[in-house]
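Note sheet for the following structure.
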Amino acid sequence: MSNDPFELYDEPEFEPAPAAPSAPPPWLNGLNPEQAAAVTTTEGPLLVLSGAGTGKTRVLTTRLAYILHQGLARPWEVLAVTFTNRAAKEMRERLGAMIGPVSEQVWLGTFHALGLKMLRRHCDLVGLRSGFSILDTDDQNRVLKGLMELAHIDTKKSPPNLVMAVIQKWKDRGWTPDAVPPHEVGDIADGKALVLYAAYQKRLIEVNACDFGDLLLHVLAIFQAEPGILEEYQRRFRYILVDEYQDTNVSQYLWLRLLARQHRNICCVGDDDQSIYSWRGAEVGNILRFEHDFPGANIVRLERNYRSTPAILGAASGLIRHNATRLGKDLRAAGALADEAGDKVTIHGVWDGEAEARWVLDTAESLQRKGERLSNMAILVRAGFQTREFEERLITTGTPYRMIGGLRFYERAEIRDAIAYLRLLSQPDDDLAFERIINLPKRGLGDASLQVLHLASRAQGMSLLNAARSVLDTDELKPRARNSLRTFVEDIDRWATLRTTMAPSELLATVLDESGYLAMWKADKAPEAPGRVENLQELVSALEDYTDVQEFLEHIALVMENESRAGVEDAITLMTLHAAKGLEFDHVFLPGWEEQVFPHRRALEGGTGALEEERRLAYVGLTRARRRAFITYAGSRRVFNQWQSNPKSRFVDEIPAEFKEEDGEMGLTAGSRGFSESYSTWSGGWAGSGAKDTGWERRKQQEKASMNWQVAKREPSKSGFVTGDRVFHQKFGYGAVTAVEADKLQITFDKAGQKKVMAGFVKRADEV
DNA sequence: TATTTTGGTCTTTTT
DNA sequence: GACCAAAATA
């Protein structure tokens with residue numbers, strides 16, 4: 001095995017690798033001609049336009065393995081970039097399966113993880129000291145808010161998170177504060193956004209921290225300032241692979257372009273139809289411009305879809321054809337499912353969000369009874385808030401599920417507090433961490449004390465922790481506060497010493513115990529307190545896998561792995577459409593296809609570009625399905641505490657008729673138009689209305705029956721309201737009935753406005 | 001100072 | 001209905 005092509009050398013000193021005379025490796029078998037071309041066209045720039053389900057990941061990993069196997073480069077001379085940790089992990093695993101442990105030497109990871117890897121080596125060049133913290137969104141907003149208050153900018157009028165969004169956007173475009181074009185500075189924050197940006201960057205350096213955008217921005221600055229360093233990387237990376245290229249933003253693009261300049265062996269895989277991150281600064285333009293930026297680029301199109309039935313593909317293709325700006329690409333069914341036509345996409349209307357959840361889960365259950373596994377099903381929603389109704393229903397029906405996204409373990413308050421303790425121990429300059437925990441648990445060090453510390457820190461140009469030390473020798477604080485602060489500082493110092501000798505998990509356990517933080521939650525009688533204690537214990541055990549606190553901190557900052565309910569068993573998946581990209585399921589439920597919800601209101605305000613992105617999102621949703629897709633829309637829906645009635649999504653109509661099946665059932669469409677009118681509007685718009693017997697009547701009866709049953713349970717046999725009755729509702733208060741439909745009432749409430757309410761939920765005003 | 005109460009805003013989508 | 005910030009209260 002001395003001729004092992006993967007033999008490692010520590011130094012990147014290399015002579016051109018010998019061409020491998022060996023037989024073609026086994027994993028090349030089974031690739032179709034386009035895929036094979038994408039794998040073996042190793043030299044020069046290559047753009048792979050890869051539609052949904054065309055084997056993109058397989059091509060990427062095989063290409064990587066091929067390059068290494070052919071001896072074209074050694075593992076650490078290959079850079080493979082993904083967007084999500086999940087994609088990186090998957091690629092790492094599949095690569096490992098093909099070529100073994102040597103795959104670990106490849107520079108493979110998300111843009112941010114790789115940026116961090118580079119930044120860590122040269123951080124002093126941008127003013128950061130080793131061990132710098134990486135801030136999350138919450139920390140970012142906190143810093144900015146502080147700066148805005150200092151500059152006397154009204155944080156009510158210009159919410160920090162909006163200002164932050166502007167700054168973020170500039171960062172995505174690769175602009176440092178001095179590079180932001182003047183005309184880009186809007187009037188947000190009294191036109192001081194740019195000043196704030198500069199102050200923000202300065203502040204981050206002071207507290208030895210950076211944010212996500214900086215992971216790339218700083219590296220770009222280093223490349224610019226130190227051409228030698230850039231050259232080193234340029235020489236090193238003989239091959240570069242980029243996943244989800246359509247989602248790159250400008251700074252990522254610049255980073256790639258700089259790195260690829262020398263060898264020009266850059267392979268980007270992407271699908272313009274799946275570009276759904278423009279709000280995060282992604283530029284579809286990057287993919288459209290590829291040939292221009294890399295002259296002589298080869299282009300390979302992957303259009304054979306191995307995932308879905310022709311019906312699903314027909315629906316998805318028909319939908320996406322409504323977008324004007326596309327590179328143009330048509331998916332053909334080619335997999336095992338290509339020969340069966342497949343079931344049409346089911347379109348189903350319901351009364352409201354609750355009925356929607358009920359219908360979806362009933363359908364899932366009946367599929368399950370036919371032998372389908374829950375793990376082959378997914379509910380994909382447009383926005384996070386939609387998950388609530390489904391979660392409630394999942395819990396009441398006892399259906400096992402896992403939720404991706406949603407509340408993340410590491411974003412919970414108690415976890416962030418605990419982490420702040422660790423951060424302060426390993427990073428004494430971390431004022432954010434200091435501020436977070438100074439009075440947690442209560443130490444009698446509130447705003448007043450903190451104010452003193454801030455003054456001292458600013459006056460002497462030192463961190464809050466050091467300012468605290470200096471203040472101890474003065475009488476700026478009242479004796480009680482001073483003693484309390486002394487204890488705190490001494491504790492911190494003691495724990496910081498322990499850090500060098502103790503295992504991380506043990507250290508955290510000690511800190512949580514001795515600080516009284518854990519005791520604080522144990523004593524708390526709030527219903528969620530026991531859960532928090534549990535979470536903290538979980539965090540302690542999570543730390544057992546680490547030998548170094550710093551490493552752990554970086555891991556959670558970047559990976560932020562979601563805790564999916566540790567159910568190994570069969571469970572249905574619930575997540576947003578964005579989170580679903582790259583996944584596939586036999587059966588996919590797509591709820592909430594109503595105007596204003598999907599397409600989202602903000603997108604509708606944002607012009608055609610935004611609308612097209614919504615359509616791509618719909619396309620992504622449909623193409624997740626291997627066999628069946630179920631689209632639902634609700635007659636009305638509660639958004640914030642407000643009832644909304646929206647017509648069904650235009651995207652439903654854009655799906656070609658031959659690939660969809662609208663089953664017509666629909667509760668009532670309430671709204672300003674009133675019941676009867678919208679009712680007729682709806683049946684009038686019923687395509688192919690010869691089929692009044694399609695079970696609609698029957699199902700309508702069922703729906704009514706189930707509702708009656710609910711009413712009966714809450715409020716025995718009471719209906720008989722008429723238009724004009726004064727009523728009282730537990731939540732909405734007093735109002736007048738404006739329409740009646742069986743046991744459903746439309747009521748105009750004095751305060752809450754017009755709502756649709758079941759009769760069982762209201763009482764006559766005079767009976768209250 | 002700490003705790004409770006109220007009132008106002010909010011929700012796209014994520015590394 | 002949830003979360004945060006300011007106001008009211010102990």
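Proteins get letters first, then strands, A, B, ... in listed order; numbering begins at 1 in each.
One interatomic measurement links the two molecules: CG of A:L450 to C1' of B:dA2, which rounds to 16 Å at whole-angstrom precision. One can place CG of A:L558 at 8 Å from C1' of B:dT15, the figure rounded to the nearest angstrom. If you take NZ of A:K169 and P of B:dT14, they are 16 Å apart, rounded to a whole angstrom. The interatomic distance linking A:Q386 (CD) with C:dG1 (P) rounds to 18 Å, in whole Å. When rounded to the nearest whole Å, the span between CZ of A:F598 and C1' of B:dT13 equals 11 Å. Here the P atom of nucleotide C:dA2 and the CD atom of A:E389 are 14 Å apart, to the nearest Å. The CD-P distance, from A:Q252 to B:dT14, rounds to 16 Å in whole Å.
Under the rule for a side-chain contact (heavy atoms from CB on, under 4.5 Å), the partners of A:Y233 that lie at least two apart in sequence or sit in another chain are A:W107, A:M118, A:R121, A:H122, A:F223, A:I229, A:F237, A:L259. For the ring-ring contact (aromatic ring centres under 6.0 Å, His included) test, no residue two or more places apart in sequence or in another chain qualifies with A:Y619. For A:F83, the ring-ring contact (aromatic ring centres under 6.0 Å, His included) partners at least two apart in sequence or on another chain are A:F111. With sequence neighbours left out, A:F488 forms a ring-ring contact (aromatic ring centres under 6.0 Å, His included) with A:F434. For the side-chain contact (heavy atoms from CB on, under 4.5 Å) test, residues two or more places apart in sequence or in another chain that qualify with A:E612 are A:N323, A:A324, A:T325, A:R615, A:R616. Scored by the side-chain contact (heavy atoms from CB on, under 4.5 Å) test, A:D272 finds A:V284, A:I287, A:R326, A:L327, A:K329 as partners (sequence neighbours excluded). Residues forming a ring-ring contact (aromatic ring centres under 6.0 Å, His included) with A:H600 (at least two apart in sequence, or on another chain): none. With sequence neighbours excluded, the residues forming a side-chain contact (heavy atoms from CB on, under 4.5 Å) with A:E414 are A:R412, A:Y517, A:W521, A:R532, A:N535, A:L536, listed by chain and number.
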Identify all pairs in which a protein N or O lies below 3.5 Å from an N or O of nucleotides 4-10 of chain C, and state each distance.
none

Find every protein N or O atom lying less than 3.5 Å from an N or O atom of nucleotides 3-10 of chain B, and list the pairs.
from  : atom 1 : to     : atom 2 : distance (Å)
B:dT3 : OP2    : A:K442 : NZ     : 3.0

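Taking atom C1' in both B:dT13 and C:dC4, one finds a spacing of 23 Å when rounded to whole Å.
A:K56 and A:D243 are joined by a salt bridge, as a carboxylate oxygen and a charged side-chain nitrogen come within less than 4.0 angstrom of each other.
Here A:F111 lies out of heavy-atom contact (under 4.0 Å) with every strand. In this structure, A:G444 reaches the sugar-phosphate backbone alone: every heavy-atom distance under 4.0 Å involves primed, P, OP1 or OP2 atoms, never a base.
Residue ring and base: A:F212 counts as stacked with B:dT15 (centre distance below 5.5 Å, interplanar angle below 30°). Both stacking criteria are satisfied for A:W279 over the base of B:dT13: a centre-to-centre distance under 5.5 angstrom and an angle between ring planes under 30 degrees.
DNA chain B is contacted by both A:R443 and A:H600; A:R443 maps to the nucleotide lying nearer its 5′ end (nearest heavy atom per residue). Mapping A:L445 and A:E614 onto DNA chain B by nearest heavy atom places A:L445 at the nucleotide closer to the 5' end.
Applying the salt bridge (charged side-chain N to carboxylate O under 4.0 Å, His left out) rule to pairs touching residues 208-217 of chain A yields A:K171-A:D211, A:K171-A:D214, sequence neighbours excluded.
At B:dT14, one or more side-chain N or O atoms of A:T576 fall inside 4.0 Å of OP1 or OP2 (strictly under the cut-off).
Shown are A:R638, A:R358, A:R637; of these, the salt bridge (charged side-chain N to carboxylate O under 4.0 Å, His left out) with A:E389 is made only by A:R637.
Where DNA chain B pairs in unbroken runs of 3 or more (Watson-Crick or G-U, both distances under 3.5 Å), the stems are B:1-10 with C:1-10.
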Decide ring-ring contact (aromatic ring centres under 6.0 Å, His included) for A:W255 and A:Y253; before the verdict, give the C-alpha distance in whole Å, the side-chain angles of both, and the deciding distance to 0.1 Å. CA-CA 5 Å; A:W255 187 81; A:Y253 163 80; over 10 Å; no
